[in-house]
Amino acid sequence: MKILVINCGSSSIKYQLYEMPEKTVLAKGLLEKIATADSVLTHQVGEKKISIKKAVKNHEEGMKLIVDTLLNNESGVIKNINEISGIGHRVVHGGESFPRSAIITDEVVKIIESYFDLAPLHNPPNLTGIKASASIFGSIPQVAAFDTAFHQTIPKVAYLYALPYEIYEKYKVRRYGFHGTSHRYVARRACVLMNKDKDKANIITAHLGNGCSITAVEKGKSVDTSMGLTPLEGLVMGTRSGDIDPAIIFYLEGKGYKIDDINTLLNKKSGLIGVSGASNDVRDILELANKGNERAKLAIDIFCYRVKKYIGAYTAVLGRVDALVFTGGIGENAITLRWKICENLTGVGIELDKEKNDKTIKTEAKISSINSKVDVFVIPTNEEVRIAVDTYELVKSS
(Lines give C-alpha, C1' and ligand atoms only; values in the text may rest on other atoms or scores of the structure.)
Protein backbone atom coordinates (compact mmCIF):
# COMPACT_ATOMS: atom_id res chain seq x y z
CA MET A 1 0.00 0.00 0.00
CA LYS A 2 1.39 3.41 -0.98
CA ILE A 3 0.84 6.33 1.41
CA LEU A 4 1.61 9.97 0.54
CA VAL A 5 2.46 12.20 3.51
CA ILE A 6 1.95 15.95 3.08
CA ASN A 7 3.11 18.83 5.31
CA CYS A 8 1.85 22.17 4.03
CA GLY A 9 3.33 25.46 5.20
CA SER A 10 2.18 28.93 4.18
CA SER A 11 4.49 28.92 1.13
CA SER A 12 5.77 25.35 0.99
CA ILE A 13 4.77 21.71 0.63
CA LYS A 14 6.93 18.93 2.05
CA TYR A 15 6.09 15.39 0.99
CA GLN A 16 7.14 11.74 1.23
CA LEU A 17 5.70 8.72 -0.56
CA TYR A 18 5.92 5.47 1.43
CA GLU A 19 5.45 1.81 0.65
CA MET A 20 3.59 0.43 3.66
CA PRO A 21 3.76 -1.43 5.95
CA GLU A 22 7.49 -1.68 5.14
CA LYS A 23 7.92 2.10 5.75
CA THR A 24 10.10 2.32 2.62
CA VAL A 25 10.51 5.86 1.28
CA LEU A 26 9.88 5.70 -2.48
CA ALA A 27 10.28 9.44 -3.08
CA LYS A 28 10.39 12.68 -1.12
CA GLY A 29 10.70 16.36 -1.78
CA LEU A 30 10.08 19.98 -0.91
CA LEU A 31 8.32 22.66 -2.91
CA GLU A 32 9.32 26.14 -1.73
CA LYS A 33 8.38 29.75 -2.45
CA ILE A 34 4.80 29.06 -3.56
CA ALA A 35 3.06 32.16 -4.98
CA THR A 36 6.31 33.65 -6.27
CA ALA A 37 8.14 33.55 -9.59
CA ASP A 38 11.01 31.74 -7.84
CA SER A 39 9.14 28.56 -6.84
CA VAL A 40 11.42 25.54 -6.77
CA LEU A 41 10.71 21.84 -6.27
CA THR A 42 13.50 19.61 -4.96
CA HIS A 43 12.55 15.98 -5.60
CA GLN A 44 14.52 12.92 -4.49
CA VAL A 45 14.31 9.23 -5.39
CA GLY A 46 16.98 7.20 -3.62
CA GLU A 47 20.23 9.15 -3.97
CA LYS A 48 19.07 10.92 -7.14
CA LYS A 49 17.93 14.54 -6.73
CA ILE A 50 16.37 16.84 -9.28
CA SER A 51 15.43 20.51 -9.06
CA ILE A 52 12.46 21.98 -10.94
CA LYS A 53 12.21 25.76 -11.12
CA LYS A 54 8.71 26.81 -12.10
CA ALA A 55 6.39 29.60 -10.98
CA VAL A 56 3.65 28.04 -8.81
CA LYS A 57 0.66 30.30 -8.07
CA ASN A 58 -0.94 28.38 -5.20
CA HIS A 59 -0.97 25.11 -3.25
CA GLU A 60 -3.28 23.36 -5.73
CA GLU A 61 -0.81 24.10 -8.54
CA GLY A 62 1.94 22.94 -6.20
CA MET A 63 0.20 19.63 -5.52
CA LYS A 64 -0.32 19.12 -9.28
CA LEU A 65 3.40 19.71 -9.88
CA ILE A 66 4.30 17.19 -7.16
CA VAL A 67 1.89 14.58 -8.59
CA ASP A 68 3.21 15.17 -12.13
CA THR A 69 6.75 14.66 -10.82
CA LEU A 70 5.76 11.43 -9.05
CA LEU A 71 4.18 10.22 -12.34
CA ASN A 72 7.00 11.37 -14.63
CA ASN A 73 8.80 8.62 -16.58
CA GLU A 74 12.23 9.87 -15.47
CA SER A 75 11.61 11.17 -11.94
CA GLY A 76 8.49 9.27 -10.94
CA VAL A 77 7.83 6.13 -8.94
CA ILE A 78 4.16 5.52 -9.82
CA LYS A 79 2.22 5.18 -13.08
CA ASN A 80 -1.22 6.20 -11.83
CA ILE A 81 -2.42 8.27 -8.88
CA ASN A 82 -4.79 5.44 -7.93
CA GLU A 83 -1.72 3.50 -6.80
CA ILE A 84 -1.82 5.83 -3.78
CA SER A 85 -4.16 4.38 -1.15
CA GLY A 86 -4.15 7.26 1.33
CA ILE A 87 -2.85 10.76 1.97
CA GLY A 88 -1.73 11.74 5.46
CA HIS A 89 -1.57 15.42 6.43
CA ARG A 90 0.18 17.08 9.34
CA VAL A 91 -2.31 19.39 11.07
CA VAL A 92 -1.04 21.49 13.95
CA HIS A 93 -4.13 22.21 16.07
CA GLY A 94 -6.97 19.77 16.71
CA GLY A 95 -7.93 21.10 20.14
CA GLU A 96 -9.80 18.66 22.39
CA SER A 97 -11.56 17.04 19.45
CA PHE A 98 -8.87 14.58 18.39
CA PRO A 99 -6.95 12.30 20.78
CA ARG A 100 -5.55 10.50 17.72
CA SER A 101 -5.27 10.86 13.94
CA ALA A 102 -8.57 10.83 12.03
CA ILE A 103 -10.00 10.19 8.56
CA ILE A 104 -10.83 13.61 7.10
CA THR A 105 -14.54 14.33 6.69
CA ASP A 106 -16.52 17.57 6.26
CA GLU A 107 -16.91 17.66 10.05
CA VAL A 108 -13.15 17.29 10.57
CA VAL A 109 -12.56 20.16 8.12
CA LYS A 110 -14.95 22.38 10.12
CA ILE A 111 -13.10 21.59 13.36
CA ILE A 112 -9.71 22.37 11.77
CA GLU A 113 -11.17 25.71 10.62
CA SER A 114 -12.46 26.44 14.12
CA TYR A 115 -8.87 26.47 15.42
CA PHE A 116 -7.59 28.98 12.85
CA ASP A 117 -7.42 31.72 15.49
CA LEU A 118 -5.25 29.57 17.80
CA ALA A 119 -2.88 28.40 15.05
CA PRO A 120 -3.08 31.15 12.40
CA LEU A 121 0.32 30.34 10.89
CA HIS A 122 -0.33 26.59 10.62
CA ASN A 123 -3.95 25.43 10.41
CA PRO A 124 -4.91 27.56 7.36
CA PRO A 125 -2.07 26.25 5.14
CA ASN A 126 -2.62 22.72 6.55
CA LEU A 127 -6.25 22.92 5.43
CA THR A 128 -5.25 24.44 2.08
CA GLY A 129 -3.15 21.32 1.46
CA ILE A 130 -6.08 19.08 2.39
CA LYS A 131 -8.43 20.87 -0.02
CA ALA A 132 -5.84 20.90 -2.81
CA SER A 133 -5.30 17.16 -2.33
CA ALA A 134 -9.05 16.49 -2.38
CA SER A 135 -9.29 18.35 -5.69
CA ILE A 136 -6.55 16.22 -7.24
CA PHE A 137 -7.02 12.81 -5.59
CA GLY A 138 -10.81 12.79 -5.42
CA SER A 139 -12.15 9.96 -3.24
CA ILE A 140 -8.76 8.62 -2.11
CA PRO A 141 -8.96 8.70 1.74
CA GLN A 142 -7.20 11.52 3.55
CA VAL A 143 -6.05 11.45 7.17
CA ALA A 144 -5.24 14.32 9.54
CA ALA A 145 -2.44 13.70 12.05
CA PHE A 146 -2.70 16.35 14.76
CA ASP A 147 0.29 17.81 16.64
CA THR A 148 -2.00 18.20 19.65
CA ALA A 149 -3.30 14.61 19.70
CA PHE A 150 -0.49 12.99 21.69
CA HIS A 151 -0.96 15.55 24.47
CA GLN A 152 -4.65 14.81 25.01
CA THR A 153 -3.64 12.45 27.84
CA ILE A 154 -2.33 15.38 29.92
CA PRO A 155 -4.38 15.57 33.16
CA LYS A 156 -6.43 18.60 34.15
CA VAL A 157 -3.96 19.55 36.87
CA ALA A 158 -1.38 20.13 34.12
CA TYR A 159 -3.50 21.51 31.28
CA LEU A 160 -5.74 23.99 33.12
CA TYR A 161 -4.58 27.56 33.71
CA ALA A 162 -5.48 29.20 37.01
CA LEU A 163 -8.03 31.49 35.34
CA PRO A 164 -11.74 31.70 36.12
CA TYR A 165 -13.05 28.24 35.21
CA GLU A 166 -15.69 29.66 32.85
CA ILE A 167 -12.86 30.85 30.56
CA TYR A 168 -12.08 27.19 29.94
CA GLU A 169 -15.74 26.20 29.71
CA LYS A 170 -16.64 28.97 27.24
CA TYR A 171 -13.50 29.31 25.15
CA LYS A 172 -11.53 26.09 25.82
CA VAL A 173 -8.52 28.10 27.00
CA ARG A 174 -6.09 25.42 28.23
CA ARG A 175 -2.71 23.87 27.53
CA TYR A 176 -2.83 21.87 24.30
CA GLY A 177 0.83 21.31 23.48
CA PHE A 178 2.39 20.79 20.06
CA HIS A 179 5.09 18.74 18.27
CA GLY A 180 3.09 15.73 19.52
CA THR A 181 3.88 13.54 16.51
CA SER A 182 7.60 14.14 17.05
CA HIS A 183 7.46 13.55 20.82
CA ARG A 184 5.51 10.32 20.31
CA TYR A 185 7.93 9.06 17.67
CA VAL A 186 11.15 9.69 19.63
CA ALA A 187 9.69 8.45 22.93
CA ARG A 188 8.71 5.14 21.34
CA ARG A 189 12.03 4.91 19.53
CA ALA A 190 13.86 5.41 22.85
CA CYS A 191 11.92 2.49 24.31
CA VAL A 192 13.11 0.30 21.45
CA LEU A 193 16.72 1.36 22.06
CA MET A 194 16.40 0.65 25.79
CA ASN A 195 14.48 -2.59 25.17
CA LYS A 196 11.71 -1.32 27.46
CA ASP A 197 7.95 -1.63 27.16
CA LYS A 198 6.60 1.79 26.08
CA ASP A 199 3.83 1.44 28.68
CA LYS A 200 6.38 1.17 31.50
CA ALA A 201 9.01 3.79 30.57
CA ASN A 202 9.24 7.39 31.81
CA ILE A 203 10.91 9.67 29.28
CA ILE A 204 11.61 13.38 28.86
CA THR A 205 11.64 14.35 25.18
CA ALA A 206 13.18 17.67 24.08
CA HIS A 207 12.26 18.79 20.56
CA LEU A 208 14.65 21.68 19.96
CA GLY A 209 14.56 23.56 16.67
CA ASN A 210 13.36 27.00 15.58
CA GLY A 211 10.27 26.00 17.54
CA CYS A 212 11.03 24.19 20.82
CA SER A 213 9.02 22.09 23.24
CA ILE A 214 9.72 19.56 25.96
CA THR A 215 7.39 16.79 27.13
CA ALA A 216 7.10 14.49 30.14
CA VAL A 217 6.05 11.02 28.95
CA GLU A 218 4.86 8.67 31.71
CA LYS A 219 4.26 5.03 30.77
CA GLY A 220 3.89 5.93 27.11
CA LYS A 221 1.55 8.88 27.63
CA SER A 222 2.18 12.62 27.58
CA VAL A 223 1.47 14.02 31.06
CA ASP A 224 2.88 17.53 30.66
CA THR A 225 4.39 19.65 27.90
CA SER A 226 5.87 23.13 27.65
CA MET A 227 3.82 24.67 24.83
CA GLY A 228 0.37 25.82 25.87
CA LEU A 229 -2.78 27.24 24.29
CA THR A 230 -0.50 28.22 21.41
CA PRO A 231 3.10 27.37 20.46
CA LEU A 232 4.31 30.59 22.16
CA GLU A 233 4.56 29.26 25.72
CA GLY A 234 7.46 27.35 27.20
CA LEU A 235 11.09 27.21 26.08
CA VAL A 236 13.03 30.02 24.44
CA MET A 237 12.78 29.52 20.67
CA GLY A 238 14.24 30.96 17.49
CA THR A 239 11.91 33.97 17.36
CA ARG A 240 9.40 33.21 20.17
CA SER A 241 9.85 34.40 23.73
CA GLY A 242 8.54 31.32 25.53
CA ASP A 243 7.46 31.87 29.16
CA ILE A 244 7.08 35.50 30.25
CA ASP A 245 5.26 37.42 32.96
CA PRO A 246 1.89 38.14 31.25
CA ALA A 247 1.87 41.60 32.84
CA ILE A 248 4.64 42.56 30.40
CA ILE A 249 1.94 42.75 27.71
CA PHE A 250 -0.07 45.35 29.67
CA TYR A 251 3.09 47.24 30.61
CA LEU A 252 4.17 47.52 26.97
CA GLU A 253 0.65 48.55 25.95
CA GLY A 254 0.91 51.37 28.47
CA LYS A 255 4.16 52.42 26.77
CA GLY A 256 2.39 52.83 23.43
CA TYR A 257 2.71 49.36 21.90
CA LYS A 258 -0.38 48.18 20.03
CA ILE A 259 -1.61 44.65 20.71
CA ASP A 260 -0.75 43.51 17.17
CA ASP A 261 2.78 44.88 17.62
CA ILE A 262 3.16 42.96 20.90
CA ASN A 263 1.92 39.79 19.21
CA THR A 264 4.52 40.23 16.47
CA LEU A 265 7.22 41.06 19.04
CA LEU A 266 6.58 37.92 21.11
CA ASN A 267 6.22 35.54 18.15
CA LYS A 268 8.68 36.88 15.58
CA LYS A 269 11.16 39.22 17.25
CA SER A 270 11.94 37.54 20.56
CA GLY A 271 13.74 34.37 21.62
CA LEU A 272 17.24 33.84 20.22
CA ILE A 273 16.95 36.62 17.66
CA GLY A 274 15.60 39.05 20.25
CA VAL A 275 18.36 38.46 22.81
CA SER A 276 21.24 38.09 20.35
CA GLY A 277 20.07 40.88 18.07
CA ALA A 278 21.67 38.96 15.23
CA SER A 279 19.97 35.71 14.23
CA ASN A 280 17.48 32.99 15.14
CA ASP A 281 19.92 30.36 13.83
CA VAL A 282 21.99 28.68 16.56
CA ARG A 283 24.86 28.15 14.11
CA ASP A 284 25.18 31.89 13.52
CA ILE A 285 24.84 32.68 17.22
CA LEU A 286 27.49 30.14 18.23
CA GLU A 287 29.87 31.59 15.66
CA LEU A 288 29.33 35.07 17.09
CA ALA A 289 29.66 33.79 20.68
CA ASN A 290 32.98 32.13 19.81
CA LYS A 291 34.19 35.51 18.55
CA GLY A 292 33.33 37.11 21.88
CA ASN A 293 29.90 38.59 21.17
CA GLU A 294 28.35 38.95 24.64
CA ARG A 295 24.72 39.07 23.53
CA ALA A 296 25.20 35.91 21.47
CA LYS A 297 26.68 34.19 24.55
CA LEU A 298 23.75 35.41 26.63
CA ALA A 299 21.21 34.09 24.09
CA ILE A 300 22.79 30.63 24.25
CA ASP A 301 22.96 30.72 28.06
CA ILE A 302 19.28 31.71 28.41
CA PHE A 303 18.22 29.05 25.91
CA CYS A 304 20.10 26.27 27.72
CA TYR A 305 19.03 27.46 31.17
CA ARG A 306 15.36 27.26 30.22
CA VAL A 307 15.70 23.71 28.86
CA LYS A 308 17.64 22.65 31.98
CA LYS A 309 14.95 24.17 34.19
CA TYR A 310 12.19 22.20 32.44
CA ILE A 311 14.18 18.97 32.67
CA GLY A 312 14.34 19.49 36.44
CA ALA A 313 10.63 20.25 36.62
CA TYR A 314 9.64 17.19 34.59
CA THR A 315 11.95 14.98 36.61
CA ALA A 316 9.90 16.05 39.63
CA VAL A 317 6.65 15.40 37.74
CA LEU A 318 7.71 11.89 36.66
CA GLY A 319 9.48 10.89 39.87
CA ARG A 320 11.64 8.41 37.93
CA VAL A 321 13.21 9.15 34.55
CA ASP A 322 14.49 6.34 32.34
CA ALA A 323 15.63 8.48 29.42
CA LEU A 324 16.17 12.01 28.14
CA VAL A 325 15.89 12.42 24.37
CA PHE A 326 17.17 15.28 22.22
CA THR A 327 15.63 15.77 18.77
CA GLY A 328 14.93 18.55 16.26
CA GLY A 329 17.48 20.63 14.36
CA ILE A 330 19.21 21.94 17.49
CA GLY A 331 18.78 18.76 19.51
CA GLU A 332 20.28 16.61 16.77
CA ASN A 333 23.16 18.91 15.79
CA ALA A 334 24.15 21.39 18.50
CA ILE A 335 26.83 19.49 20.46
CA THR A 336 27.74 22.52 22.58
CA LEU A 337 24.15 23.21 23.61
CA ARG A 338 23.43 19.59 24.58
CA TRP A 339 26.53 19.62 26.80
CA LYS A 340 25.59 22.94 28.37
CA ILE A 341 22.01 21.81 29.03
CA CYS A 342 23.13 18.60 30.78
CA GLU A 343 26.01 20.19 32.69
CA ASN A 344 25.57 19.87 36.49
CA LEU A 345 22.54 17.58 36.18
CA THR A 346 24.22 14.66 37.95
CA GLY A 347 21.96 15.42 40.92
CA VAL A 348 18.99 14.17 38.87
CA GLY A 349 20.96 11.28 37.40
CA ILE A 350 21.98 12.83 34.05
CA GLU A 351 25.58 12.80 32.88
CA LEU A 352 26.89 12.95 29.30
CA ASP A 353 29.89 11.19 27.82
CA LYS A 354 31.83 14.03 26.16
CA GLU A 355 33.35 11.89 23.44
CA LYS A 356 30.01 10.32 22.50
CA ASN A 357 28.28 13.70 22.53
CA ASP A 358 30.98 15.34 20.41
CA LYS A 359 30.73 12.80 17.62
CA THR A 360 26.92 12.60 17.48
CA ILE A 361 25.46 14.85 14.81
CA LYS A 362 22.12 14.14 13.13
CA THR A 363 22.38 10.45 13.94
CA GLU A 364 20.79 8.10 16.45
CA ALA A 365 23.06 7.46 19.42
CA LYS A 366 23.25 7.07 23.18
CA ILE A 367 25.38 9.92 24.55
CA SER A 368 25.15 9.38 28.32
CA SER A 369 28.14 8.22 30.37
CA ILE A 370 28.36 4.77 31.96
CA ASN A 371 27.75 6.46 35.34
CA SER A 372 24.55 8.19 34.22
CA LYS A 373 21.44 6.83 35.91
CA VAL A 374 19.34 8.24 33.06
CA ASP A 375 19.98 7.13 29.47
CA VAL A 376 20.45 10.16 27.20
CA PHE A 377 19.80 9.76 23.48
CA VAL A 378 19.96 11.78 20.31
CA ILE A 379 17.15 10.52 18.06
CA PRO A 380 16.46 12.27 14.74
CA THR A 381 12.73 12.85 14.58
CA ASN A 382 10.64 11.31 11.83
CA GLU A 383 7.17 12.78 11.97
CA GLU A 384 6.48 11.68 8.39
CA VAL A 385 6.84 7.97 9.11
CA ARG A 386 4.60 8.30 12.16
CA ILE A 387 1.94 10.01 9.99
CA ALA A 388 2.39 7.30 7.35
CA VAL A 389 1.81 4.56 9.94
CA ASP A 390 -1.32 6.27 11.29
CA THR A 391 -2.66 6.82 7.77
CA TYR A 392 -1.96 3.24 6.74
CA GLU A 393 -3.69 1.81 9.81
CA LEU A 394 -6.77 4.04 9.41
CA VAL A 395 -7.12 3.42 5.67
CA LYS A 396 -6.61 -0.33 6.10
CA SER A 397 -9.33 -0.53 8.75
CA SER A 398 -11.82 1.81 7.04
Side-chain angles (χ1 to χ4, degrees), residues 1-8 13-28 59 63 66-67 70 77-78 80-115 119 122-123 125-154 176-189 191-192 198-199 217 220-222 381-398:
M1 187 185 288
K2 292 178 176 63
I3 298 294
L4 180 62
V5 174
I6 300 292
N7 185 349
C8 270
I13 304 174
K14 187 178 178 183
Y15 64 93
Q16 291 199 29
L17 181 65
Y18 286 88
E19 185 69 57
M20 299 298 288
E22 296 83 0
K23 305 176 188 174
T24 304
V25 178
L26 302 176
K28 62 182 178 179
H59 284 74
M63 284 300 304
I66 289 166
V67 170
L70 289 169
V77 290
I78 56 172
N80 189 295
I81 61 170
N82 291 320
E83 289 181 42
I84 297 172
S85 300
I87 302 110
H89 295 266
R90 180 195 179 213
V91 179
V92 166
H93 215 310
E96 292 184 321
S97 304
F98 302 100
R100 59 189 62 85
S101 299
I103 294 278
I104 295 170
T105 61
D106 290 343
E107 182 61 28
V108 170
V109 167
K110 288 177 184 176
I111 295 170
I112 292 170
E113 286 176 332
S114 73
Y115 287 101
H122 299 95
N123 271 34
N126 295 160
L127 187 56
T128 298
I130 290 168
K131 290 181 176 180
S133 297
S135 173
I136 293 165
F137 292 102
S139 61
I140 295 173
Q142 297 195 77
V143 168
F146 297 93
D147 275 6
T148 48
F150 181 56
H151 301 303
Q152 284 302 295
T153 51
I154 292 174
Y176 288 102
F178 301 90
H179 293 144
T181 307
S182 175
H183 288 293
R184 179 165 62 132
Y185 173 81
V186 298
R188 291 189 177 180
R189 184 63 194 153
C191 290
V192 172
K198 70 178 177 64
D199 296 326
V217 181
K221 296 179 179 179
S222 172
T381 192
N382 195 335
E383 294 168 290
E384 287 79 16
V385 76
R386 191 64 252 171
I387 295 170
V389 170
D390 285 1
T391 303
Y392 168 73
E393 289 176 350
L394 283 166
V395 169
K396 189 177 66 167
S397 62
S398 65

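All values below come from the heavy atoms of this structure, side chains included, with hydrogens, waters and symmetry mates left out.
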Minimum-distance pair of heavy atoms, taken over all atoms of [X] and [Y]:
X	Y	result
C8	P125	CB-O, 3.3 Å
Y18	V25	CE2-CG2, 3.5 Å
V92	H122	CG2-CB, 3.3 Å
G220	V217	C-CG1, 3.6 Å
H179	H151	C-NE2, 4.5 Å
Y176	Q152	CD2-NE2, 4.1 Å

Return all side-chain donor-acceptor pairs below 3.5 angstrom for residues 131-142, not counting sequence neighbours, or 'none' if the list is empty.
from: S133; atom 1: OG; to: G129; atom 2: O; distance (Å): 2.8
from: S135; atom 1: OG; to: E60; atom 2: OE2; distance (Å): 2.8
from: Q142; atom 1: OE1; to: H89; atom 2: NE2; distance (Å): 2.5
from: Q142; atom 1: NE2; to: I130; atom 2: O; distance (Å): 3.3

If you measure only the distance, is there a donor-acceptor pair under 3.5 Å linking the side chains of T148 and H93?
-> no
Do E113 and Y115 have side-chain atoms, one donor and one acceptor, less than 3.5 Å apart?
-> no
salt_bridge([X], [Y]) N-O dist < 4.0 Å:
X	Y	value
D390	R386	yes
E384	R90	no
D147	R184	no

Check for a donor-acceptor pair, side chain of Q16 on one end and backbone N or O of I3 on the other, with a separation under 3.5 Å.
-> no
State whether the side chain of N123 and the backbone N or O of A119 hold a donor-acceptor pair below 3.5 Å, judged by distance alone.
-> no
Could you grab the distance from atom [atom1] of [X] to atom [atom2] of [Y], nearest 0.5 Å is fine?
X	Y	atom1	atom2	value
I103	L394	CD1	CG	5.0 Å
T181	F146	OG1	CZ	10.0 Å
L4	K28	CG	NZ	14.5 Å

Side chain to side chain contact (heavy atoms under 4.5 Å, CB included) between N126 and I112, worked out = CA-CA 9 Å; N126 295 160; I112 292 170; 5.5 Å; no
Close side-chain approach of [X] and [Y], heavy atoms under 4.5 Å:
X	Y	answer
Y392	P21	yes
N7	I13	no
S85	K2	no

Evaluate side chain to side chain contact (heavy atoms under 4.5 Å, CB included) for T391 paired with I387, printing each intermediate quantity in order.
-> CA-CA 6 Å; T391 303; I387 295 170; 4.0 Å; yes
Criterion side-chain contact (heavy atoms from CB on, under 4.5 Å) against I104, the qualifying member of V143, I87, V109, V91 | V109
